[in-house]
Visitor: 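One structure follows; several queries about it will come next.
All figures in this text were calculated on a predicted structure; none of them were measured in a lab. Order of appearance sets the numbers: ligands from 1, and atoms from 1 within every ligand.
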Amino acid sequence: MQIENIPLAAVLGSPISHSKSPILYSYWFKKYSIRGHYIPIDVDPSNLNQILRVMPKMGFVGANITIPHKETVLTIADQITDRAAVIGAANTLSFTKAGKIFADNTDGEGFIENLRQHYPSWNPKEGPAIVLGAGGASRAVVSALLQNSTPEIWIANRTRARAEKMTADFGARLRVIDWYAVGNFISEASTLVNATSLGMIGKPKLQIDLKALSKKTLVSDLVYAPLETDLLLFAKNKGCRTVNGIGMLIHQAMPGFSRWFGTKPAIDHEIKNLLLA
Ligand code: NAP
């Protein structure tokens, strides 16, 4: 009797117990009747290379990568997509049978798809975007906005040097604005994105001057705990279109699932509720 190989995938990080990815994957396996397994693996940085090299031989077809390995995997992968290279981090690895590792970053795509799903008429080309933050998430958002022809992106970050590094990496359509001067620019933004961890449960509040925020601005917060941040609540009361971060979490996982298991999952309310439970 021949034993069928069940494809395996994983999420690698340290710590890893907080990861929501296993919830997503088991939900999709069940929903689409797919035979597969997805497991969280706590990997010490010193073992990352060795573990990644052996995974394809063990039947793994791919892996998601989270903190603290997102940058290091680029030094291990055999091939890197342009977007992962410019962001400087990868969150999705695909393995070939021969053991080659392809690294991609789907965070930016997840961000854009989430906005498009909520507001199909949202046009990233319409005007400038303000992006708060200059960490990994900000880099993914900026890369995706540039890819989608946003004419200008204004970056504000507590540590200005980190934002300035982004202008060097991403080019002339980026401009650094002072963290304390965001309020002076806000009325002109077509899109406003919080890509800092401020406003998240257990973190300090996001305190920027929002008085001049226009109701024409689409406001998105990458934070999803709480689902409705103070920023989104303020924007909603102003009449703005608002998008929380939970959909991005789902959308960034979709390309890996479809590459590895051959089915493009759809977003539904049940999965959002499961993730938030
Ligand atoms: P990161 O690389 O650690 O960057 C954190 C950012 O927050 C930096 O810009 C940092 O500024 C800023 N920040 C932190 N504490 C601050 C404070 N007290 N005052 C002012 N700024 C502060 O993290 P990340 O990976 O980019 O993630 C950022 C947020 O996005 C997190 O909340 C994360 O959960 C969320 N996220 C959500 C999704 C999703 O799917 N919805 C995906 C990715 C990330 P400095 O540079 O000055 O430190």
Side-chain angles (χ1 to χ4, degrees), residues 11 13-16 18-21 23-24 64-73 83-84 86-92 104-118 130-145 153-167 169-170 174 176-183 192-209 219-232 242-257 267 271-272 275-276:
V11 54
S14 188
I16 200 60
H18 67 284
S19 174
K20 303 256 189 208
S21 300
I23 302 174
L24 270 173
N64 290 121
I65 302 296
T66 187
I67 293 166
H69 305 312
K70 282 178 141 186
E71 289 85 16
T72 321
V73 288
R83 59 189 184 178
V86 73
I87 294 165
N91 67 347
T92 306
D104 191 11
N105 193 315
T106 61
D107 275 341
E109 179 181 339
F111 166 76
I112 296 282
E113 291 306 316
N114 188 32
L115 263 54
R116 287 225 164 100
Q117 189 183 27
H118 282 86
I130 294 182
V131 179
L132 308 172
S138 163
R139 292 181 72 91
V141 165
V142 164
S143 156
L145 286 172
I153 303 175
W154 301 333
I155 300 284
N157 194 49
R158 171 182 63 176
T159 310
R160 193 182 167 98
R162 237 176 147 190
E164 271 159 6
K165 166 94 174 53
M166 286 180 68
T167 61
D169 292 345
F170 289 94
L174 255 68
V176 179
I177 58 174
D178 199 82
W179 178 250
Y180 297 101
V182 171
L192 170 66
V193 185
N194 176 32
T196 73
S197 47
L198 296 174
M200 201 166 130
I201 292 169
K203 301 276 181 189
K205 281 180 182 301
L206 171 67
Q207 287 174 318
I208 52 167
D209 181 2
V219 181
S220 171
D221 203 326
L222 268 47
V223 169
Y224 53 84
L227 201 53
E228 188 162 66
T229 58
D230 289 351
L231 170 66
L232 294 185
T242 60
V243 183
N244 64 47
I246 194 73
M248 174 174 166
L249 187 72
I250 303 171
H251 278 285
Q252 62 79 31
M254 289 163 68
F257 188 86
I267 296 237
I271 187 58
K272 285 191 183 175
L275 290 172
L276 294 168

Visitor: Among L132, T196, I155, T106, whose heavy atom sits nearest atom 7 (O) of ligand 1?
Guide: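 Answer by nearest heavy atom: T196.
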Visitor: From the options R83, M254, M248, select the one residue that forms a side-chain contact (heavy atoms from CB on, under 4.5 Å) with E109.
Guide: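 Answer after filtering R83, M254, M248: R83.
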Visitor: Is there at least one pair of N or O atoms, one from T159 and one from ligand 1, spaced under 3.5 Å apart?
Guide: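 Yes; at least one N/O pair falls below 3.5 Å.
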Visitor: I need the atoms of ligand 1 closer than 4.0 Å to a non-hydrogen atom of A134, numbered in the order shown.
Guide: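 This gives 9 (O) as the contact atoms.
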Visitor: Taking the basic N atoms (NZ, or NE/NH1/NH2) and the acidic carboxylate oxygens, is any pair closer than 4.0 Å for R158 and D178?
Guide: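 So R158 does not pair with D178 through a salt bridge.
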Visitor: Should V223 be counted as touching ligand 1, given the test is an N or O pair under 3.5 Å?
Guide: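 N/O-N/O distance below 3.5 Å does not exist for this pair.
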Visitor: Using distance alone, decide if ligand 1 has a nitrogen or oxygen within less than 3.5 Å of any nitrogen or oxygen in Y224.
Guide: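 Among all N and O atoms of Y224, none is under 3.5 Å from an N or O of ligand 1.
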Visitor: How close do V73 and A90 get, heavy atom to heavy atom, and via which atoms?
Guide: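 So the minimum-distance heavy-atom pair works out to CG2-CB, 3.7 Å.
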Visitor: Output yes when the distance from some N or O of ligand 1 to some N or O of G133 is under 3.5 Å, and no in every other case.
Guide: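 The answer is no, given that G133 and ligand 1 share no N or O pair closer than 3.5 Å.
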Visitor: Shortest non-hydrogen contact from P255 to H251?
Guide: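 The answer is CD-O, 3.1 Å.
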Visitor: Look at atom CD1 of I67 and say whether more than 12 heavy atoms of other residues, nucleotides or ligands are closer to it than 6.0 Å.
Guide: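 Counting neighbours around CD1 of I67, 12 or fewer heavy atoms of other residues, nucleotides or ligands fall under 6.0 Å, so no.
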Visitor: Look at atom 37 (C) of ligand 1 and say which protein heavy atom is nearest, naming residue and atom and giving the distance to 0.1 Å.
Guide: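 Among all protein heavy atoms, the one nearest atom 37 (C) of ligand 1 is L222 O, 3.4 Å.
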Visitor: Checking a contact table here: which protein heavy atom is nearest atom 8 (C) of ligand 1, and how many Å away?
Guide: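 Looking at atom 8 (C) of ligand 1, the protein heavy atom closest to it is R162 NH1, 3.6 Å.
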Visitor: Looking only at distances, can you tell me whether any N or O atom of I246, backbone or side chain, sits closer than 3.5 Å to an N or O atom of ligand 1?
Guide: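 There is no such contact.
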Visitor: Distance check, rounded to the nearest 0.5 Å: D221 atom CG versus M200 atom CE?
Guide: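 The CG atom of D221 sits 11.0 Å away from the CE atom of M200.
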Visitor: Run down the list G247, S197, A163 and name the one with the heavy atom closest to atom 5 (C) of ligand 1.
Guide: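 It is S197 whose heavy atom sits nearest to atom 5 (C) of ligand 1.
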Visitor: So, are D107 and R139 salt-bridged, with charged N and O less than 4.0 Å apart?
Guide: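 Answer for the salt bridge query: no.
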Visitor: Starting from the C-alpha separation in whole Å, work towards a yes-or-no answer on side chain to side chain contact (heavy atoms under 4.5 Å, CB included) for Y224 and T229.
Guide: CA-CA 8 Å; Y224 53 84; T229 58; over 6 Å; no
Visitor: Nearest 0.5 angstrom please: F257 CZ to N64 CG, how far?
Guide: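 Reported to 0.5 Å precision, the distance equals 11.5 Å.
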Visitor: Look up atom CG in N105 and atom CD1 in I65, then write down how far apart they are to the nearest 0.5 Å.
Guide: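 Rounded to the nearest 0.5 Å, the CG-CD1 separation comes out at 11.5 Å.
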Visitor: Is there a donor in the side chain of N91 and an acceptor in the side chain of Q252, or the other way round, less than 3.5 Å apart?
Guide: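 Per modelled atom types, N91 and Q252 side chains form a pair under 3.5 Å.
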Visitor: Among all protein heavy atoms in this structure, tell me which lies nearest to atom 9 (O) of ligand 1, with the distance rounded to 0.1 Å.
Guide: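 The answer is N157 OD1, 2.7 Å.
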Visitor: N/O to N/O below 3.5 Å, does that happen between L198 and ligand 1?
Guide: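 No, L198 has no N/O under 3.5 Å of an N/O on ligand 1.
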Visitor: Please write down residue, atom name and distance for the protein heavy atom closest to atom 33 (C) of ligand 1.
Guide: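 Protein heavy atom with the smallest distance to atom 33 (C) of ligand 1: M200 SD, 4.9 Å.
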Visitor: Any protein heavy atom under 4.0 Å from atom 41 (N) of ligand 1?
Guide: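 Given the 4.0 Å limit, the answer for atom 41 (N) of ligand 1 is yes, a protein heavy atom qualifies.
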Visitor: For ligand 1, is there an N or O atom under 3.5 Å from any N or O atom of P204?
Guide: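 Looking only at distances, the answer is no, because the N/O contact criterion of under 3.5 Å is not met.
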Visitor: If you have a sec, work out which protein heavy atom is nearest atom 1 (P) of ligand 1 and how many Å separate them, to one decimal?
Guide: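 Checked against all protein heavy atoms, atom 1 (P) of ligand 1 sits closest to G135 CA, 4.1 Å.
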Visitor: Below 4.0 Å, non-hydrogen atoms only: which portion of A195 touches ligand 1? Side chain, backbone, both or neither.
Guide: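 Looking at A195 and ligand 1, just backbone atoms fall under 4.0 Å.
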Visitor: Starting from atom 2 (O) of ligand 1, find the nearest protein heavy-atom neighbour and note its residue, name and distance.
Guide: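 Minimum-distance protein heavy atom for atom 2 (O) of ligand 1 reads G136 N, 3.2 Å.
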Visitor: Give the residue, atom name and distance (to 0.1 Å) of the protein heavy atom nearest atom 44 (C) of ligand 1.
Guide: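 Among all protein heavy atoms, the one nearest atom 44 (C) of ligand 1 is A137 CB, 3.6 Å.
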Visitor: For atom 48 (O) of ligand 1, what's the nearest protein heavy atom and its distance?
Guide: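 Looking only at protein heavy atoms, the one closest to atom 48 (O) of ligand 1 is R158 NH2, 2.9 Å.
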Visitor: Taking L115 as the fixed residue, which of V243, V193, L145 is the one that meets the side-chain contact (heavy atoms from CB on, under 4.5 Å) rule?
Guide: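 Answer after filtering V243, V193, L145: V243.
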Visitor: What atoms of ligand 1 come within less than 4.0 Å of a heavy atom belonging to L249?
Guide: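 Matching atoms, with element in brackets: 40 (O).
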Visitor: Which atom pair, heavy atoms only, marks the closest approach of S143 to V86?
Guide: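 For S143 and V86, the tightest heavy-atom pair comes out as OG-CG1, 3.9 Å.
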